[in-house]
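Here the structure comes first, spelled out in structure tokens, and everything after it is commentary.
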Amino acid sequence: MKNKINLQTYNINELKAKYLKGEALKEYQALEPLIEIKAKMLQARNDAKLTQEDVAKALNTYVSNISRLESSSNPPSLNTLMKYAQACGKKLKIDFVDR
């Protein structure tokens, strides 16, 4: 008899609730603003239908720098975010919201 694989679809909130507990939850919450920034950067570039190479040319830098900027755990500077937004045809907006 073959083993059956049960594939389920989860949304991100279900996965967070299921797996992020205790210290893992604290670590995630600490990184959440950075994760959100990186996701918004990728969304801006994708919305503009730009490649990393396109953004690199606009910022007069190397593709490897854009790749690192989008994927590393280091937070980008405000100046870098403003330039990245402009390269994507966007304007950077920062907001403070209630917890």
Side-chain angles (χ1 to χ4, degrees):
M1 181 170 20
K2 291 184 177 180
N3 291 338
K4 290 186 178 181
I5 298 174
N6 183 10
L7 297 176
Q8 293 180 321
T9 303
Y10 293 97
N11 71 34
I12 191 69
N13 292 327
E14 290 172 330
L15 290 172
K16 287 179 192 177
K18 185 172 183 176
Y19 294 107
L20 291 178
K21 296 177 176 27
E23 286 300 314
L25 178 59
K26 288 179 187 174
E27 288 292 322
Y28 178 82
Q29 288 170 334
L31 291 173
E32 198 166 23
L34 181 59
I35 293 167
E36 186 177 347
I37 288 170
K38 301 292 181 156
K40 287 187 180 281
M41 290 172 69
L42 292 173
Q43 187 66 52
R45 181 169 60 79
N46 289 329
D47 287 351
K49 296 181 177 20
L50 298 173
T51 64
Q52 288 181 338
E53 185 175 355
D54 296 329
V55 175
K57 284 180 184 176
L59 298 181
N60 197 29
T61 190
Y62 298 104
V63 174
S64 60
N65 290 337
I66 300 303
S67 178
R68 192 175 318 107
L69 176 66
E70 292 178 346
S71 64
S72 78
S73 60
N74 295 324
S77 71
L78 182 57
N79 190 45
T80 298
L81 285 173
M82 291 182 342
K83 289 178 182 179
Y84 185 96
Q86 185 175 14
C88 294
K90 304 282 186 182
K91 177 182 169 189
L92 180 64
K93 177 183 176 185
I94 298 175
D95 195 11
F96 291 89
V97 296
D98 294 332
R99 292 181 179 212

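Along the sequence shown, residues carry numbers from 1.
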Take I94 and L78 through the side-chain contact (heavy atoms from CB on, under 4.5 Å) test and state the conclusion after the steps. CA-CA 10 Å; I94 298 175; L78 182 57; 3.4 Å; yes
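Summarising the geometry of A48 relative to C88, their closest heavy-atom pair is CB-O, 3.4 Å, with the distance given to 0.1 Å. Between V55 and A87, the shortest heavy-atom contact is CG1-CB, 4.2 Å. Shown here for P76 and I37, the closest heavy-atom pair between the two residues is CG-CG2, 4.1 Å.
Within a 6.0 Å radius of CD in E36, no more than 12 heavy atoms belonging to other residues, nucleotides or ligands are found. For E14, the CD atom counts as densely surrounded, since its 6.0 Å shell holds more than 12 non-hydrogen atoms of other residues, nucleotides or ligands. Open room surrounds CG on N60; 12 or fewer heavy atoms of other groups in view lie less than 6.0 Å from it.
For residues 38-60, the set of pairs meeting the salt bridge (Lys or Arg N to Asp or Glu O under 4.0 Å) definition, not counting sequence neighbours, comprises R45-E70, E53-K57. Sorted by first and then second residue, the salt bridge (Lys or Arg N to Asp or Glu O under 4.0 Å) pairs involving residues 79-92 (not counting sequence neighbours) form an empty list.
Under the 4.5 Å side-chain heavy-atom criterion for grouping Ile, Leu, Val, Met, Phe, Trp and Tyr, V63 is not connected to L50 through any hydrophobic cluster. Residue L81 is not grouped with residue L31 when hydrophobic side chains (ILVMFWY) are merged at heavy-atom distances under 4.5 angstrom, including chains of intermediate members.
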Anything under 3.5 Å between a donor and an acceptor, one on a side chain of residues 15-25, the other on a protein residue two or more places apart or in another chain? List them.
unit_1	atom_1	unit_2	atom_2	d
K16	NZ	Y28	OH	3.1
K18	NZ	Y10	OH	3.2
K21	NZ	A17	O	2.8
K21	NZ	K18	O	3.1

